[in-house]
Peer 1: 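A single structure is presented below for examination.
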Amino acid sequence: MVFIKNYNFVKDFTLGREVFNRILYPVHSYLIDNILIDSGPMTAEKHFLPLIEKEKDSIDYIINTHCHEDHIGNNLTIQKMTGAQIYIHPLGLDTLTYPKSLGLYPYQKFFWGTPPPSSGNSIPNTVTGNRFIFQILHTPGHSEDHICIYEPDNGIIFTGDLYWGQKIISFRPIDDFYAIKHSLEKINQLDIDAIYCGFRGRVEHGNKAITRKLNYMETLEKTVKAHAFQGYDVKSIVKRTLGRENYMKWLTNGQFSKENVILSILSQD
Ligand SMILES: [Zn+2]
């Protein structure tokens, strides 16, 4: 299933597997200038690839914000179709050539599929498109190889899975609360008008949204640590701060959980 939205210079493709007429766990892929940012999950290929076929002469680069299966799934097919060069942070290169190293769980295979191997290059600090020059920032936390792509003239930034909305819903065990916070602080130094998030789509008033999220994280961290200091166990802290676990934990073999958020916060004093 695919939805398309057009913004000034950006085409926004919302991709994912359809469940009961809606996309559960959407992933956004963006086309700007001659660059496709993230190639989406394999499970969207039937609807997504014909749309890319129409744009194939204008795509010279595929940039992956990080090496997760829902962002690299159509790399190979789109590269064959367009002849585009694939760029990713050096820490993500090995996963592109051997995606099985992601060790996908059944829910990931169902929602996004296992990507075929593709070959990429280490992304330089800037990528020059036909129209814009993009700055690349290393923003680890959601994954070690995570990058954001910033276009300063229009104040827009593509944030992959770094931002993910105003609040933290849940974490996988690999999500690192403190590294995410640090990366958000890093991008908030930039002048950001709009965020193009891999999960939420376009978010207006970028700096305000990031500042709100950072304030939320600060408060959450203080509250969680105060509860731990008072002697509450992890499960009670989850309920007191983020509420009960929901269907996501059950659906994802326990991978996406609120408990993981609390554990990450408590990993540092
Ligand atoms: Zn991800």
Side-chain angles (χ1 to χ4, degrees), residues 12-17 23-30 36-44 48 62-75 86-116 118 120 123 136-149 157-184 186-187 195-201 203 210 213 217 248-249 251-258 260-261 264:
D12 169 5
F13 302 92
T14 312
L15 312 169
R17 190 181 261 286
I23 298 179
L24 266 188
Y25 304 115
V27 183
H28 290 256
S29 175
Y30 298 104
L36 182 72
I37 295 175
D38 286 329
S39 67
M42 273 192 80
T43 43
F48 183 41
I62 300 165
I63 299 181
N64 295 131
T65 55
H66 61 299
C67 66
H68 287 165
E69 68 285 357
D70 46 336
H71 296 257
I72 65 169
N74 299 300
N75 272 12
I86 298 172
Y87 276 141
I88 193 165
H89 186 274
L91 290 171
L93 282 171
D94 286 351
T95 307
L96 284 198
T97 46
Y98 189 64
K100 280 192 176 161
S101 64
L102 285 163
L104 298 182
Y105 284 78
Y107 81 92
Q108 291 170 298
K109 290 182 186 168
F110 172 77
F111 281 110
W112 303 302
T114 306
S118 56
I123 193 155
I136 309 302
L137 296 107
H138 186 211
T139 50
H142 171 77
S143 65
E144 283 192 330
D145 67 329
H146 199 288
I147 55 167
C148 289
I149 299 124
I157 190 162
F158 299 87
T159 55
D161 283 347
L162 172 67
Y163 171 73
W164 248 69
Q166 283 293 287
K167 295 191 171 174
I168 297 176
I169 310 167
S170 53
F171 268 4
R172 290 200 237 180
I174 52 164
D175 287 301
D176 180 333
F177 182 89
Y178 296 101
I180 289 172
K181 196 170 145 204
H182 185 72
S183 290
L184 286 168
K186 180 174 170 178
I187 63 167
I195 297 169
Y196 288 89
C197 170
F199 180 61
R200 297 275 180 195
V203 178
I210 296 165
K213 173 134 196 174
M217 291 177 81
M248 284 177 85
K249 185 174 179 184
L251 204 64
T252 63
N253 306 82
Q255 285 290 293
F256 264 104
S257 76
K258 296 180 178 182
N260 285 331
V261 181
S264 184

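The shown structure was predicted, so the numbers you read here are calculated from the model rather than taken from an experiment. First listed ligand is number 1; within each ligand, the first listed atom is number 1.
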Peer 1: Please name the atom of Asp161, restricted to N, O or S, that is closest to the Zn ion (ligand 1).
Peer 2: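 Within Asp161, restricted to N, O or S, the Zn ion (ligand 1) is closest to atom OD2.
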Peer 1: Answer yes or no: is there a side-chain heavy-atom contact under 4.5 Å between Val27 and His68?
Peer 2: no
Peer 1: Counting heavy atoms not belonging to Tyr178, are there more than 12 under 6.0 Å from its OH?
Peer 2: yes
Peer 1: Tell me, yes or no, whether the heavy-atom count around Lys167 atom NZ, taken from other residues, nucleotides or ligands under 6.0 Å, exceeds 12.
Peer 2: no
Peer 1: Can you tell me if His28 uses its side chain to pair, donor with acceptor, with the backbone of Tyr196 under 3.5 Å?
Peer 2: no
Peer 1: Check His68 and report its N/O/S atom nearest to the Zn ion (ligand 1), by atom name.
Peer 2: ND1
Peer 1: Is the Zn ion (ligand 1) less than 2.8 Å from at least one N/O/S atom of His142?
Peer 2: yes
